[in-house]
Structure formats: structure tokens, C-alpha cells
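Order of the sequence lines sets the chain letters (A, B, ...), proteins ahead of strands, with each chain counted from 1.
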Amino acid sequence: MVLVYIDLVEGKLKKSAFEVASYAAETAKLLGTNAYAIVLGNSTDDLTSLGKYGITKVHTVAAATAFDAQVFTKVIADAATQLNATVVIFSNNLNGKAIAPRLSVRLKAGFVSGAVALPDVSNGFVVKKNVFSGKAFANVAIRTGVKIISLNPNSFNIVVVDGSAEVIAFATPVDVSKIEITATNKVTGEVLLTEAEIVVSGGRGLKGPENWGLVTDLAKLLGAATACSRPVADIHWRPHHEHVGQTGIAIAPNLYIAIGISGAIQHLAGVNRSKTIVVINKDPEAPFFKAADYGIVGDAFEVMPKIIDAVRKLKGA
Amino acid sequence: MKILVCISKTPDTTAKIAFADNNTKFASDGVQWIINPYDEWYALVRAIELKEVDATTSISLVTVGGAEADPIIRKALALGGDDAIRINADSHDSYYIASQIAAVAKEGGYDLIFTGKETIDYNGSSIGGMVAELLDLPYISLATKFDIAGTTATVVREIEAGKETNQANLPLVVSCQKGMAEQRIPNMKGIMGARTKPLKVVEPITIDALTTLASFDLPLAKAGVKLVSADTPEELVRLLHEEAKVF
Ligand SMILES: Cc1cc2nc3c(=O)[nH]c(=O)nc-3n(C[C@H](O)[C@H](O)[C@H](O)COP(=O)(O)OP(=O)(O)OC[C@H]3O[C@@H](n4cnc5c(N)ncnc54)[C@H](O)[C@@H]3O)c2cc1C
Ligand SMILES: Nc1ncnc2c1ncn2[C@@H]1O[C@H](COP(=O)(O)O)[C@@H](O)[C@H]1O
């Protein structure tokens with residue numbers, strides 16, 4: 001059986017949940033077995049809906065509410081052992097990064113983080129993962145009986161099937177956490193950068209925060225998230241959580257639009273997995289054009305208002 | 001407080017990524033090695049700041065690697081570590097590396113273990129969690145702030161919808177990212193002093209790796225950029241809509 005850990009964000013299922021559910025179901029198919037999910041905490045979404053992504057059973061542990069990697073690992077390890085999981089799958093998102101390595105140690109199960117494709121089971125069990133910040137891939141063989149994989153967000157297409165999952169409470173003790181959550185500070189009303197299908201991003205070429213309307217207006221029209229280069233966050237034109245790249249967030253949207261960003265290798269490291277890259281830069285020699293699919297060599301202050309207008313017309317807004 | 005900072009070496013961020021030996025090895029000829037940025041800028045510098053506030057704090061560094069890691073660990077000592085241990089082994093397997101670090105950590109009895117968010121070459125983001133599990137300690141990952149009062153740590157970590165503040169008692173394992181501290185440049189005094197700081201080389205414990213790196217691939221080259229004239233930006237919107245079908 002393939003077991004997938006489904007993360008709740010504010011009690012809700014997010015896009016990454018459907019991706020890992022589909023990935024687990026497809027992996028189970030390759031191995032000729034079923035895919036079950038485990039959900040910790042209280043869901044406000046209907047968990048039977050995970051059946052639409054190929055999950056046949058959902059095991060829930062309602063008592064595990066506050067996130068603690070140590071506590072959650074024990075619960076998931078119990079489930080994996082009692083239900084005889086041979087593969088355990090996580091999203092390589094923030095919580096996945098905290099739990100999956102611990103589980104690997106607890107179960108002595110080989111772990112590959114940041115997978116970008118289904119495992120190759122034709123000869124052993126080999127998982128393709130991102131390395132060198134998206135600049136290359138490594139094929140890693142897992143040698144243990146139980147295997148753990150974390151899937152990079154936005155790397156696997158959701159597969160929708162006809163089905164409804166059975167939801168079952170899984171009985172297991174939940175330890176008292178040694179970590180107390182004393183505050184949460186939510187960024188609300190914005191599209192989550194790591195989940196966004198489209199990201200509009202600005203660099204130092206935009207000259208100052210007062211010009212960011214060129215980025216945010218387009219983002220709003222496209223339902224996109226906004227991002228920026230590192231210097232832009234460092235000089236406080238934009239908040240730090242928007243910084244993408246080697247030392248910031250790594251993203252892989254369907255469309256990344258870079259405005260006034262030179263395309264330094266450290267910036268590319270965070271965005272080079274985007275499916276389509278559009279670059280707007282006044283310097284034809286900007287390195288970003290080498291990584292781009294579409295581009296305009298031109299002044300953002302002249303080009304962007306026209307682009308925004310054209311999108312507005314297209315959207316009938 | 002005794003802090004252990006995990007330091008790894010990575011190719012310089014601008015290094016050309018190429019592979020040798022039938023795509024089984026990173027082609028390291030002529031590559032300049034640096035301290036993994038997350039380990040240096042965030043984990044190590046925050047440890048140094050904690051020591052600046054409380055002089056009874058000690059900072060030990062640990063790296064798992066061959067002799068070519070020595071200049072990296074010396075640079076980390078120059079920035080402000082007190083002593084260092086190099087475990088003389090080369091491996092890609094996170095479980096193997098974490099087991100080595102955990103063995104050293106057990107012996108040293110540290111109050112706080114800092115790792116970076118991830119290595120920028122292997123991108124595992126795993127060692128911190130593994131070390132924590134091996135030592136049965138709480139783990140706070142992807143921290144953007146760390147403060148200590150007595151034996152209680154207050155840590156801000158990134159969550160999907162924003163930030164969360166956690167409190168926990170030492171001992172503790174924390175992985176560090178942007179926000180924890182700012183990059184520093186080692187000064188002459190630090191560089192001179194680092195030469196005489198203790199760097200102990202120990203042999204690894206026997207551990208079986210759980211995974212094997214079979215091969216590397218490079219992504220397919222892009223077809224090349226399609227340029228649209230700056231006089232007709234609306235043409236770009238048409239192409240994205242009709243050809244790329246991205247909106
Ligand atoms: C170890 C390390 C890690 C790093 N990590 C990151 C990271 O995670 N993310 C990151 O982004 N950077 C990172 N950097 C920094 C990176 O090397 C670059 O310095 C940075 O990405 C440059 O940002 P920028 O493109 O916004 O600015 P610049 O390099 O100043 O480029 C501005 C661009 O705007 C263009 N421009 C100017 N005016 C206009 C106009 N009117 N219209 C259109 N275009 C215009 C210019 O032609 C230029 O190409 C890192 C560096 C190091 C050493
Ligand atoms: N070989 C190593 N020696 C010491 N510490 C390491 C080593 N590899 C990784 N680390 C630490 O673990 C963190 C996460 O690495 P990784 O799990 O490989 O992405 C790094 O930022 C380092 O702090």
C-alpha cells in the first residue's frame with residue numbers, strides 16, 4: 001500500500017494535496033496496489049473528495065491538531081507500520097520538509113526529497129529529484145523495503161478520476177508536544193506564492209516601490225501571485241516573503257513574468273522550473289533572455305501599461 | 001549554552017553545473033567551493049550573535065566531508081566558530097550524513113543544533129530533521145528568527161499561510177533561513193585567529209546508506225526566446241493566450 005500524508009492549511013486541502021494524492025495513486029498503480037491517505041487535525045473540507053484523485057481510504061487522526069514534526073512523525077510512523085505501507089509520500093512543502101526526514105529515520109526508510117516525476121520501478125526503485133537548485137536532476141535509488149518520497153509542488157499534473165474515498169478514524173496515541181505555538185501571523189487575501197499558477201515578479205529595474213502597480217495590476221488581472229528579486233526585498237521595496245531565488249523561495253508556476261530583473265544565476269535558481277518564462281527588460285544582453293520563452297526588449301514603463309491594457313481587454317475587465 | 005552548527009561545502013553559486021564519469025559525478029574541476037549560504041549567513045552568523053550577547057556561549061562546527069572541506073571549515077572558524085570537527089567521509093545519502101552528525105552531537109552534549117535550510121547542491125532539506133529524530137529532540141524547521149531567554153527558545157518559522165511563533169525548551173534542533181541574521185565578512189583578526197583554533201578530524205561511524213545516487217541529468221535546453229517588438233506589446237499577450245495558452 002502507498003500512504004500519502006495530506007497537509008491541511010487552516011483546515012483546508014490545498015493544491016499540493018491534490019498533487020500528492022494523484023502522485024500516490026499513480027505510484028500505487030505502478031506497484032499494483034492501493035493508495036491511502038492520512039490526515040492529521042480537523043478538516044473543514046470533505047475528505048471523501050480525495051477519492052477524485054485516486055485515494056481509496058483516508059485515515060484521520062483528529063487529536064493531532066497543533067503541528068509538531070516530532071509528534072506528527074510518530075503518528076504517521078504508527079499508521080505506516082500498522083497499515084503496511086511500502087511507500088510513504090509527502091509534498092515537499094514546509095510541513096513535509098519537517099516531517100519526512102524524521103520519518104525516514106524512524107522507519108529506517110530511504111528518503112528522496114524534491115521528486116519531480118513518478119518513481120522508475122523497472123529496475124529497483126529510482127526517483128528523479130531536483131538538484132543544484134533546479135539546474136540539474138539526480139536519479140536516486142532507494143535501497144530499503146519502505147520508501148519515502150517528497151514531491152516538489154507544481155511538478156506533477158493532477159489526475160482526476162471517478163471515485164469517493166472512505167474516511168476512517170485511525171486510533172493511535174498522540175504525544176503532548178514539546179513545542180508551544182504562541183502566535184501565528186497570517187498573510188491573507190493573497191495568492192500563495194508556492195501554489196500560484198502564474199507569478200508576476202519585479203526587479204531593481206522598476207526603480208522604486210511606487211512603481212509596483214505595474215506588477216500588482218497585472219497580477220490582479222491574472223489572478224497571479226507577486227514576487228521579487230533579492231535586492232528588491234533587501235532594500236525593502238517589497239516584503240521578504242516575496243523574494244525568490246537561491247536564497248529565497250523556489251517556485252515552479254506555469255507562467256513566470258519577470259519585469260526589470262537581470263536574471264542572475266542565483267535568481268534563476270529559484271524560478272527556472274517555471275513552465276513558461278516571459279522577460280521584459282530594456283537590456284538585450286540581460287542573461288534572463290537566455291532562460292526565457294517569450295520576451296520584449298524594452299522599457300517596462302512604456303511596455304507594461306500596454307500589456308496591462310491588452311490583458312484587461314482579453315479578460316473583459 | 002553549547003551550540004553546534006552544521007557546515008557543508010557547496011560549489012560557488014555561479015559554478016557551471018556539469019557532470020563526469022558517465023554522469024555519475026559532479027565535475028568539480030576548477031570549481032570554487034564556498035560555505036553553503038544558508039549555513040554561513042543564517043545559522044553560523046546567528047550563533048555568533050547569540051555568543052556576542054552571552055559570552056558563556058560556545059560555538060562548535062561540524063562538517064562531514066573529505067580534506068577538501070578544510071578551507072571551508074577554516075573560513076567558518078574565521079567568521080566566529082570556537083572549534084570544529086570534520087568527520088572524514090564523503091556521501092550523498094542524507095541518512096548517512098545525519099547519523100555521523102548525530103554521533104558527534106551525542107558525544108558533545110549540545111543545547112542547540114543549527115543547520116541551514118538546505119544545501120544548494122543536493123537540496124535535501126533533510127539533515128536537520130534526521131538529526132533531531134536520531135537524537136529524539138524537537139525540531140523547528142525553516143526558522144526566520146531565533147531568540148533565547150534562559151533555556152527557553154522563541155523561534156519564528158515559516159508556514160504555508162505566513163509565520164508562526166514557537167516556544168520550546170533546549171535542547172533543540174533548528175534549521176535556519178533568511179531573516180535569522182545578515183551576511184558578514186570575516187575580518188583579518190578572525191582569519192589570523194582561525195589558524196590556531198582546534199580542527200579535529202574524526203573517522204566516521206559505520207552506517208549503511210539508505211539511498212544511492214545513480215546518475216545526474218541536465219534539463220533539456222530551451223528552444224530559445226521568441227522576441228516581440230516593444231512597439232506591439234499586445235502581441236505578447238496574444239501569444240501567451242493563444243500559443244502558450246497560459247491564461
Ligand atoms: C550567494 C548569493 C545568493 C543570491 N540569492 C539570490 C536570490 O535568491 N534571488 C535573487 O533574486 N538574487 C539573489 N542573489 C543576487 C543576484 O546575484 C543578483 O544580484 C540579483 O538577482 C539582481 O537583482 P535584479 O535583477 O533585480 O537587479 P539588477 O541586477 O540591478 O538588474 C536590473 C535589471 O533591470 C533592467 N532594467 C533597468 N531599467 C529598466 C526598465 N526601465 N525597463 C526594463 N528593464 C529595466 C536592467 O537592464 C537590469 O537587467 C544572490 C547572490 C549571491 C552572491
Ligand atoms: N556534509 C555535511 N556536513 C555537515 N553538515 C551538513 C552536511 N550536509 C548538510 N549539512 C547540514 O544540513 C543542512 C541541510 O542539508 P540538506 O539536507 O543536504 O539539504 C545544511 O544546510 C547543513 O547545515
Hey, are Glu160(B) and Asn95(A) close enough side-chain-wise for a donor-acceptor pair under 3.5 Å? no
Does the side chain of Thr184(A) reach to within under 4.5 Å of the side chain of Lys163(B), using non-hydrogen atoms? no
Within a strict 4.5 Å, meaning less than it, do heavy atoms of the Thr211(B) and Phe111(A) side chains meet? no
Is there a side-chain contact between Ile277(A) and Lys222(B) (heavy atoms, below 4.5 Å)? yes
Output the residues of residues 92-100 of chain B for which the shortest heavy-atom distance to chain A is under 4.5 Å, in residue-number order; output 'none' if no such residue exists. Tyr95(B)
Side chain proximity check, Asn139(A) to Asp217(B), heavy atoms < 4.5 angstrom: yes
Which region of Leu236(B), side chain (C-beta onward) or backbone (N, CA, C, O), has a non-hydrogen atom less than 4.5 Å from a non-hydrogen atom of chain A, or is it both or neither? side chain
What I want to find out is whether Lys178(B) reaches Asp234(A) closely enough, with some N-O distance under 4.0 Å, to be called a salt bridge. yes
Using the side-chain hydrogen bond (donor to acceptor under 3.5 Å, both in side chains) criterion, which residues pair with Thr14(B)? Sequence neighbours excluded. Asp12(B)
Examine whether an atom of Ile265(A) lies under 4.5 Å from a heavy atom of chain B, and if so say whether it belongs to the side chain, the backbone or both; otherwise answer neither. side chain
Under 3.5 Å: donor-acceptor pair, side chain of Lys97(A), backbone of Gly124(B): no
Can you list the steps and then say if Thr247(A) with Tyr42(B) is a side chain to side chain contact (heavy atoms under 4.5 Å, CB included)? CA-CA 10 Å; Thr247(A) 44; Tyr42(B) 309 130; 4.1 Å; yes
Answer whether the closest heavy-atom distance between the side chains of Ser126(B) and Ser113(A) falls below 4.5 Å. yes
For Tyr122(B) and Phe132(A), I'd like to know if the aromatic rings sit close, meaning centre-to-centre distance below 6.0 Å. no
With sequence neighbours excluded, tell me which residues meet side-chain contact (heavy atoms from CB on, under 4.5 Å) with Ala27(B). Ala18(B), Ala20(B)
Donor-acceptor contact below 3.5 Å, side chain Arg143(A) vs main chain Ala209(B): yes
Can you tell me if CD on Glu285(A) sees more than 12 non-hydrogen neighbours from other groups inside 6.0 Å? no
With the side chain counted from C-beta on, respond yes when Met130(B) and Ser104(A) share a heavy-atom pair under 4.5 Å apart, and no when they do not. yes
Taking only residues two or more places apart in sequence or in another chain, which ones pass side-chain hydrogen bond (donor to acceptor under 3.5 Å, both in side chains) with Lys275(A)? none
Lys226(B)/Asp293(A) ion pair, N-O < 4.0 Å: no
Does Phe67(A) reach the side chain of Arg157(B), with side-chain heavy atoms less than 4.5 Å apart? yes
